[in-house]
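Down below is the structure, laid out as structure tokens.
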Amino acid sequence: RQHESPRRVKRAWVIPPISVSENHKRIPHLLVQIKSDKQQPGGVIYSIKGPGVDEEPLGIFSIDKFSGKVFLNAMLDREENDRFRLKAFALDLGGMTLEDPTDLEIIVVDQNDNRPLFRQDVFTGHVVEGAEPGTCVMTVDATDADDPDTDNAALRYSILEQGAAGMFSINATTGEICTAQPGLDRETMGVYNLTVQAADMSGDGLTTTATAVIYLEDINDNPPEFTKEEFSMEVEEQAAGVDVGKVFAHDKDLAGSPNWLAKFTILEGDPEGAFAIRTDPYTNDGVLSVAKPLDHEVRDRFELTVSVQNEQPLEPTAPASPRALATVRVRVRDVNEAPIFRDNPRRVSVLEGAPPGTPVTTYTASDPDTRQLQTLSYALLYDPADWLQLDPHTGTVRTKRELLHPSAFLQGGWYIALLLARDDAEPPLSATGTLSIEILEVNDHPPLLLPPAGVVCGRPGRGGSLLLGATDDDRPPHGAPFHYQLSPQHPQLARNWSITRFNDAPNHFPPHHSSPAQHLPPQIPTCIPNPMLPAPPTASHTQPAPPLPRVPPCPHPVPTRPLPAVLAGLGAARVRGRRRALRKGLLQRSRDDMRDNILNYDEQGGGEEDQDAYDINQLRHPELFPPRVKPPVRRDAPLSSATPLAPRKLPNSPSDIEDFINEGLEAADSDPSVPPYDTALIYDYEGSGSVASPLSSIVSSLTDEDQDYDYLSEWGPRFRRLADLYG
């Protein structure tokens, strides 16, 4: 069979994975021998490369380059490297590659060389007391570094220790801890400490332990209770807001929690609300205090029924408390109490001017200590005007001196005094009472007219007016409003005189104030005798008053200003009343018919060129100027002017000046062609050298608003009055 086909040869160069156990102690250890059939034995050089050979970790594996045997030179740890992947090479003696590089994989086989580890040493959980069995509380868990695909990492959990009764259980696979039995009571055992274990190899291998701490959470399953059924305490009377004592209670629930905090209530024995009770937040005891002052004389003992309960409602399963009620007995001790003015302040009235010794009132206090024999005495504590006297035994107040208006010690007509009442205890106590005395007004002052005398001026037939007022030192209702009338003793006054109300308001002026100024109409004044002479008008109020004193006559019925100045003032006053006539008369004439005239008053100095006007000296001294047959014609009058009358004789008595002026006024008014003496003449040229200001501005305007009379004050003292009236 020379032509037989060649057979297939199995090649040893393809190397399957090699397994080696970790922690192998026989070193060096032959793992595998590799071969190449390309050369005869001894003609191939072998080598390996990769982690564990020429890469970290170095020196773990080696190979015999002639035989191809691979050795393990160090112990392996699967938890560090669970496999190694190497490359194997085959070369001839000349260094030429005989085979392509092939993979050499070394697998490290796991051993149970690691214990389980809990994630924490102590686990903490909470569960309410009284929880039902099967209530899960917490979960414990552990880890194992061994191969999780082997039993070396298969863990099982168990409770090694938990105290008596076995109240908890654990799930062996998951490590979840749950309640196993009923009856968890925080008041019996509030904390459970469990020792739990984790074991690998499904519970049969390596083990480890940890602690599980379980806290029972409180519920309000215990009512508060008084420590005893009765409490006794005492307190002084009249003490308000003070603590009387404590009632003690305890609660088994968690201290400081709402389930533990007690609430106390007074159920019986205090209908007036004299006591209050609160809870001490630190001790949980009840603190009884006085809410209203107690009076030993009214009630000296109290028996209170007090209850206690929690702020939070009890659980339905909680038992009832046999000591939820207690009796508190309080004794009120008697102490000395201060006297009391029941009527404080005391208000009384006394007529002004009451004589000394007039009884005012009896102002007494009472002693609350009815069960003690004590005597009260009285004293004046405050009497600023020293008006009063006081009986120290009876408390009767009398006037010491006359009480009169006005006084700096009165406040709105009231006088304030303070009385002191004191007992004779040791130490003594006192009380203060306020006595308010109203000083009643008495109609002891007549009203007085303001002004008491005056001058009434006006034209004949047109009368003048005088504004009257009145004042009264009495206070209402004995003062204003006033009633005014002419004296009934002189009925003839009513023929020429009348009194009317000036306005709707009462003609009342406060005492000690000046009366209103006289009102004079802007007319040529004619001085009229005072109507109050000899019998003045009267002012009275509605209640009877003493007769009015006679008003003295006016010492100066005629103004004291010299006559020229008076006439100048009257002329200026007439300007307003005659403006319309001037517009139609003087101002409508041709300016050629007018000339300037300056009256010589002897006070203005020289300088005027025209002195041909009427001479006022004829009025002053008519006896020095004989009557003229034909006086010169005035150039400021029309050609048809009549001859003016000769100056009349000056009255002998100053009181007849009124008739003198009225006659001259009537004569001037009866001549329509000649301007009267009291008419302001028009001046448009004063001549050279005059130091006076032009006078044409007096009537240069037809309205009061267009005139400025302030310059009159520059003409001398005689014209300042005109400047004051019209400026």
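Excluded from the calculations below are hydrogen atoms, water molecules and symmetry mates; all remaining heavy atoms, backbone and side chain alike, are included. Residue numbers run from 1 in the order of the sequence given.
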Exercise for review: Could you walk me through whether H296 and R333 pass side chain to side chain contact (heavy atoms under 4.5 Å, CB included), step by step?
Suggested key: CA-CA 6 Å; H296 173 82; R333 295 198 305 269; over 6 Å; no
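- Between the N344 side chain and the T432 main chain, a donor and an acceptor come within less than 3.5 Å of each other.
- Judged as a ring pair (Phe, Tyr, Trp, His ring centres under 6.0 Å), and not counting sequence neighbours, the contacts of Y215 are H126.
- The shortest non-hydrogen separation linking P339 to A365 is CB-CB, 4.2 Å.
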Check your understanding: Step by step, would you call L261 with T279 a side chain to side chain contact (heavy atoms under 4.5 Å, CB included)?
Key -> CA-CA 8 Å; L261 190 62; T279 302; 4.2 Å; yes
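- Taking CD from Q374 and CG from N336, the interatomic distance works out to 4.5 Å, rounded to the nearest 0.5 Å.
- The local environment of CD in E297 is crowded, with over 12 non-hydrogen atoms from other residues, nucleotides or ligands closer than 6.0 Å.
- Counting heavy atoms from C-beta on, the side chains of M75 and K25 come closer than 4.5 Å.
- Considering only heavy atoms from C-beta on, P224 comes within 4.5 Å of N310 through its side chain.
- Shown here are the ring pair (Phe, Tyr, Trp, His ring centres under 6.0 Å) partners of Y415, two or more places apart in sequence or in another chain: W387.
- When side chains are defined from C-beta on, F409 does not count as touching D386, because their heavy atoms never get closer than 4.5 Å.
- Here the straight-line distance linking atom CG of D383 with atom CG of L435 works out to 9.5 Å at 0.5 Å rounding.
- In terms of modelled atom types and a separation under 3.5 Å, the side chain of N152 and the main chain of D147 share no donor-acceptor contact.
- Using a 4.5 Å cut-off on side-chain heavy atoms (C-beta onward), L376 and T364 make no contact.
- Formation of a donor-acceptor pair under 3.5 Å by the E237 side chain with backbone atoms of V335 is found in this model.
- E438 places no side-chain N or O within donor-acceptor distance of the main-chain N or O of V348, the cut-off being under 3.5 Å.
- Under the salt bridge (Lys or Arg N to Asp or Glu O under 4.0 Å) criterion, R422 pairs with no residue, sequence neighbours left out.
- Residues satisfying the side-chain hydrogen bond (donor to acceptor under 3.5 Å, both in side chains) criterion with R331, sequence neighbours excluded, are E234.
- The ring-ring contact (aromatic ring centres under 6.0 Å, His included) analysis of residues 331-364, with sequence neighbours excluded, yields the pairs F341-Y363.
- N284 places a side-chain N or O within 3.5 Å of a backbone atom of A262 that can act as its donor or acceptor partner.
- For the pair F226/V306, a side-chain contact is recorded, criterion being any heavy-atom separation below 4.5 Å from C-beta on.
- Summarising the local packing, CG of L373 is surrounded by 12 or fewer heavy atoms from other residues, nucleotides or ligands at distances under 6.0 Å.
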Which side-chain N or O atoms in residues 128-135 pair as donor and acceptor under 3.5 Å with protein atoms at least two apart or in another chain?
| residue | atom | partner | partner atom | Å |
| --- | --- | --- | --- | --- |
| E129 | OE1 | R186 | N | 2.7 |
| E129 | OE2 | I219 | N | 3.0 |
| T135 | OG1 | E132 | O | 2.7 |

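- Salt bridge status for D243 with R278: present, with a side-chain N to carboxylate O gap under 4.0 Å.
- For the pair R329 (side chain) and R301 (backbone), a donor-acceptor distance under 3.5 Å is absent.
- Once rounded to the nearest 0.5 Å, the distance linking CG of L388 with OG1 of T399 reads 8.0 Å.
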Exercise for review: Show the numbers, then the answer: is there a side chain to side chain contact (heavy atoms under 4.5 Å, CB included) between D285 and V247?
Suggested key: CA-CA 6 Å; D285 298 325; V247 292; over 6 Å; no
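- The ring-ring contact (aromatic ring centres under 6.0 Å, His included) pairs that include a residue from residues 424-444 number zero, where partners must be two or more places apart or lie in different chains.
- Take D113 and apply the salt bridge (Lys or Arg N to Asp or Glu O under 4.0 Å) test, not counting sequence neighbours, and it matches no residue.
- Each side chain to side chain donor-acceptor pair (under 3.5 Å) pair with one or both residues in residues 256-266, not counting sequence neighbours, appears once here: D218-N259.
- Remark: side-chain polar atoms of D270 are paired, donor with acceptor, to backbone N or O of F275 under 3.5 angstrom.
- Within 6.0 Å of NZ in K252 there are 12 or fewer heavy atoms belonging to other residues, nucleotides or ligands.
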Practice item. Show your working on side chain to side chain donor-acceptor pair (under 3.5 Å) between N220 and Q312 and close with a plain yes or no. Key: CA-CA 7 Å; N220 195 11; Q312 295 290 334; over 6 Å; no
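- P223 and S321 make their closest contact through CG-CB, 3.5 Å (heavy atoms, listed as atom of the first residue, atom of the second, distance).
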Practice item. Could you walk me through whether K246 and T283 pass side chain to side chain contact (heavy atoms under 4.5 Å, CB included), step by step? Key: CA-CA 11 Å; K246 286 187 175 183; T283 64; 4.1 Å; yes
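- Residue V137 forms a side chain to side chain contact (heavy atoms under 4.5 Å, CB included) with just one option from T124, L194, I214, and that option is I214.
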**Study point:** Test log, rule side chain to side chain donor-acceptor pair (under 3.5 Å), inputs D146 and N114
**Key:** CA-CA 6 Å; D146 290 328; N114 291 280; 2.6 Å; yes
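- With D200 contributing its side chain and L206 its backbone, the two residues share a donor-acceptor pair below 3.5 Å.
- Nearest heavy-atom pair across D424 and T375 is OD1-N, 3.1 Å.
- With sequence neighbours left out, K228 forms a side-chain hydrogen bond (donor to acceptor under 3.5 Å, both in side chains) with no residue at all.
- To the nearest 0.5 Å, atoms OG (S430) and OH (Y378) are separated by 12.5 Å.
- Within the 3.5 Å criterion, the main-chain N or O of E315 finds no donor-acceptor partner in the side chain of D221.
- Within 6.0 Å of CD on E187 lie more than 12 heavy atoms contributed by other residues, nucleotides or ligands.
- Expressed to the nearest 0.5 Å, how far CZ of R323 lies from OG1 of T227 amounts to 7.5 Å.
- Counting only residues at least two apart or in different chains, ring-ring contact (aromatic ring centres under 6.0 Å, His included) contacts with residues 163-198 comprise F168-Y192.
- Put simply, the side chain of L76 reaches to within 4.5 Å of the side chain of F84, judged on heavy atoms.
- Distance alone, capped at 3.5 Å, places no donor-acceptor pair between the Y157 side chain and the I177 backbone.
- Put simply, the side chain of N81 does not reach to within 4.5 Å of the side chain of I60, judged on heavy atoms.
- Summarising the geometry, atom CG belonging to D423 is positioned 5.5 Å from atom CG belonging to D367; distances are rounded to the nearest 0.5 Å.
- In this structure R78 satisfies the salt bridge (Lys or Arg N to Asp or Glu O under 4.0 Å) test together with D110, sequence neighbours excluded.
- The two residues E402 and P356 make their nearest non-hydrogen contact at N-CG, 4.2 Å.
- Between R115 and T207 the shortest side-chain heavy-atom distance falls below 4.5 Å.
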